[in-house]
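Remarks on the structure that follows.
Chain letters run A, B, ... following the sequence lines, proteins first and then strands; every chain starts at 1.
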Amino acid sequence: MERERRYWLFKSEPGCFSLEDLKNTPLMTEKWDGVRNYQARNLLRDEIQPGDYGFFYHSNIPEPAIVGIVEVVREGYPDYTARDPEGEHFDPKCSFDKPIWYMVDVRYVRHLERLVTLDEIKKQPALAGMELVKRSRLSVQPVRTDEWEYLLHLGGISLRERICPQTSLEM
DNA sequence: GCCAACGTTGGC
DNA sequence: GCCAACGTTGGC
């Protein structure tokens, strides 16, 4: 029995990796790597499943905003960048047997019709419970279904549209 | 680039 | 196990 789809918010610094970059990646799939926070790790390892959707959020820019939608295509697996001594995300405490850190793979689905800025999100009472508003530092965070739908609406996507995973187009 | 908020580390 | 020091994130 498949569990119900859940929703997430994935952050990225567009200067480092943007939604456009994901769209232009071969197969439109990328690894969500380099997360070094235990709370986020637990989500990546235990909660986030293929078929789940996520908002793609651009952080650390003058106007941070949700810009689009991605789909999780691979469940959590050990983040091997933690074992690369040359890499930026190296963690000497990790080994093959004890990975510590995890990542998932995500696929580009679509951009929002218009982006939803953090400023706008903060003004919405319906979104006051979001992690993004309350404690903004988690790099991947859960989004409730009602929040998801509200944000789709703000992003110019009608609730009657459906996001088709196969074609990246709404039906 | 500053700094607040928060997480992690390590001495005791 | 406390807590000070330090590091990181990310809004501004």
Side-chain angles (χ1 to χ4, degrees), chain A residues 6-25 30-48 52-72 74-106 108-144 146-148 150-156:
Chain A
R6 289 166 69 179
Y7 303 102
W8 310 94
L9 183 142
F10 296 95
K11 289 187 191 175
S12 187
E13 300 187 22
C16 181
F17 191 77
S18 70
L19 185 59
E20 202 62 32
D21 292 333
L22 177 63
K23 188 180 181 181
N24 294 330
T25 304
E30 257 294 338
K31 303 159 195 75
W32 192 257
D33 66 13
V35 174
R36 301 291 178 264
N37 167 285
Y38 283 102
Q39 204 179 338
R41 186 283 307 270
N42 292 344
L43 296 177
L44 290 165
R45 186 189 59 186
D46 306 329
E47 305 289 339
I48 301 174
D52 286 354
Y53 278 168
F55 283 125
F56 200 91
Y57 177 85
H58 283 170
S59 68
N60 235 334
I61 50 173
E63 195 152 70
I66 294 173
V67 292
I69 295 168
V70 299
E71 181 189 6
V72 178
R74 183 177 174 187
E75 67 179 353
Y77 60 102
D79 184 346
Y80 50 78
T81 66
R83 280 185 278 114
D84 174 12
E86 305 298 316
E88 256 180 83
H89 301 301
F90 179 60
D91 182 345
K93 294 191 299 300
C94 293
S95 67
F96 192 80
D97 293 328
K98 290 188 176 177
I100 304 183
W101 306 116
Y102 282 72
M103 58 183 169
V104 298
D105 291 352
V106 297
Y108 174 84
V109 175
R110 60 170 295 168
H111 281 74
L112 299 183
E113 290 300 319
R114 48 187 156 77
L115 49 79
V116 182
T117 64
L118 178 61
D119 199 46
E120 200 177 348
I121 292 169
K122 282 180 171 171
K123 286 181 187 157
Q124 309 294 329
L127 303 176
M130 288 190 71
E131 288 289 323
L132 197 63
V133 178
K134 289 192 301 180
R135 202 166 51 81
S136 63
R137 290 177 74 247
L138 253 197
S139 50
V140 54
Q141 39 186 270
V143 174
R144 297 196 316 248
D146 61 304
E147 293 164 343
W148 177 265
Y150 197 89
L151 284 160
L152 280 185
H153 177 68
L154 290 179

Distance (rounded to the nearest 0.5 Å) between A/Ser139 OG and A/Leu44 CG = 7.5 Å

Taking [atom1] from [X] and [atom2] from [N], how many angstroms apart are they, rounded to a whole number?
X        : N      : atom1 : atom2 : result
A/Arg41  : B/dG7  : CZ    : P     : 15 Å
A/His89  : C/dG7  : NE2   : P     : 19 Å
A/Gln141 : B/dG7  : CD    : P     : 13 Å
A/Ile66  : C/dG11 : CD1   : P     : 12 Å

Can you list everything that forms a salt bridge (charged side-chain N to carboxylate O under 4.0 Å, His left out) with [X]? Sequence neighbours excluded, please.
X        : answer
A/Arg114 : none
A/Glu47  : A/Arg6
A/Asp46  : none

Are any protein N/O atoms closer than 3.5 Å to N/O atoms in nucleotides 4-6 of chain B? If there are, list each pair with its distance.
from	atom 1	to	atom 2	distance (Å)
B/dC6	O2	A/Arg137	NH1	3.3

side-chain hydrogen bond (donor to acceptor under 3.5 Å, both in side chains) partners for [X], two or more places apart:
X        : value
A/Tyr150 : A/Gln124
A/Asp105 : A/Tyr77
A/Trp8   : A/Asp52

query = Taking only residues two or more places apart in sequence or in another chain, which ones pass side chain to side chain contact (heavy atoms under 4.5 Å, CB included) with A/Glu75?
reply = A/Gln49, A/Pro50

ask   = Can you name the side chain to side chain contact (heavy atoms under 4.5 Å, CB included) partners of A/Arg45, sequence neighbours left out?
value =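 With neighbours one apart ignored, the set is A/Arg41, A/Asn42, A/Tyr102.
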
Dump the pairs, protein N or O against N or O of nucleotides 8-10 of chain B, anything under 3.5 Å, distances to one decimal.
from	atom 1	to	atom 2	distance (Å)
B/dT9	OP1	A/Lys93	NZ	3.3

Kindly list each side-chain donor-acceptor pair under 3.5 angstrom involving residues 14-24 of chain A, sequence neighbours excluded, with atom names and distances?
from	atom 1	to	atom 2	distance (Å)
A/Ser18	OG	A/Glu20	N	3.3
A/Ser18	OG	A/Asp21	N	3.1
A/Ser18	OG	A/Asp21	OD2	3.3
A/Glu20	OE1	A/His111	NE2	3.4
A/Asp21	OD2	A/Ser18	N	2.9
A/Asn24	ND2	A/Glu20	O	3.2

ask   = So how far off straight is the helix from B/dG1-C/dC12 to B/dC12-C/dG1, going by the axes through five pairs at either end, to 10°?
value = 10°

